[in-house]
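Order of the sequence lines sets the chain letters (A, B, ...), proteins ahead of strands, with each chain counted from 1.
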Amino acid sequence: MGESLGVTASLGVLAEVRAFVRSAVGGLGADKRTVSALVQCVDEWVTNVVVHGYGETPGPVSVTARRDGDDIVVVVRDEASAYDPATAPSFDRDAPLERRPFGGMGIALIRDLSSSFERRAPTGATPGVGNEVTMRRPALTGGA
Amino acid sequence: MFTSIDRISDSVAVLGLDGELDASNYRDLMTTGEQLYAEGVRTLVLDMSDLEYMSSSGIVALHSLALVYRGQAPHDPDAGWEALHAAQADAEAGGPHDQLRLVAPSEAIDVVLERTGMSRIMPVFPDRAAALGG
């Protein structure tokens, strides 16, 4: 079944969300790199939900972590504006500082640090509202 | 988030970071770094040896401060592309600059620096002495 956390999204709860992921993913047998990677992924996504999804009107975010065979699976659900990360512009990490945008790094990091990253509309959600994001990574990093 | 500000000289300062650097506090780092620049600091060493976590918001702070310490106007991250393109950039200078120096990031933070390309833009040192050229 895994563990769950439900909070009202704000920048002030990011530390609590990270602490939950660190504890839950670690408790599922993940190694240090996978714990760090999934903490980063969830933090980056929830930050986007807070800043760009809910904006001035905070709403709920839930985080669930479970084991699926050799993988750790983390699911984040919200009721903010629908946002498809597949539409995010690619981030050029080789661009000089003067030519790179300030945004877009969070999604790029999630793509880099997870083995799969999928977003869908939550079941029964009002069109245009809500996101269910699933991030997956092997519990044991191996030689990576 | 800050443990210490050590003024090594009129133009060199070391900022010790601890705890977690995220979207809730990255602007504090930008403000402190900009204040030090306004006071005459031209080389800023960020000691990350006690920093436990850094999100991409921290990278935004490093990015912004790197531009400030190159003598460019500070940017509002919310202004995005437009502000960046409006900046008078010595883009052809490209390459690494050492006005901003990083010290002893953890393995997880090093991954973030590497994946965002920051570790190729600003030098990373194993300890303060190395960063200060000791």
Nearest 0.5 Å, please: how far is CG in B:Asp110 from OG in A:Ser36? 12.0 Å

Value for CG (A:Asp43) from OG (B:Ser57), rounded to nearest 0.5 Å, stands at 7.5 Å

A:Ile110-A:Val75 co-clustered via ILVMFWY side chain contacts under 4.5 Å: no

Between B:Arg115 and A:Glu44, is there a side-chain N and carboxylate O pair less than 4.0 Å apart? no

Side-chain (A:Gln40) to main-chain (B:Val111) donor-acceptor, under 3.5 angstrom: no

Quick check on A:Arg22 against chain B: is it the side chain, the backbone, both or neither that has a heavy atom closer than 4.5 Å? side chain

Is there a continuous path of hydrophobic side-chain contacts, each under 4.5 Å between heavy atoms, that joins A:Val129 to A:Trp45? no

Does a sphere of radius 6.0 Å around CG in B:Asp6 hold more than 12 heavy atoms from other residues, nucleotides or ligands, not counting ones at 6.0 Å or beyond? yes

Looking at B:Glu20 and A:Ala15, what are the two nearest heavy atoms and their distance? OE1-CB, 3.9 Å

Hey, what do you get for NZ (A:Lys32) to OG (B:Ser106), rounding to the nearest 0.5 Å? 7.5 Å

Under 4.5 Å, counting heavy-atom pairs only, tell me which of A:Val39, A:Val50, A:Leu109 racks up the most with chain B. A:Leu109

Select one option (side chain, backbone, both, neither) describing which atoms of B:Glu107 are under 4.5 Å from chain A's heavy atoms. side chain

Does B:Asp10 CG have over 12 foreign heavy atoms under 6.0 Å away? no

Look at the side-chain heavy atoms of Ile, Leu, Val, Met, Phe, Trp and Tyr, link any pair under 4.5 Å apart, and say whether A:Val73 and A:Val35 land in one connected group. no

Linking I/L/V/M/F/W/Y whenever any side-chain heavy atoms sit under 4.5 Å apart, do A:Leu140 and A:Val74 land together? no

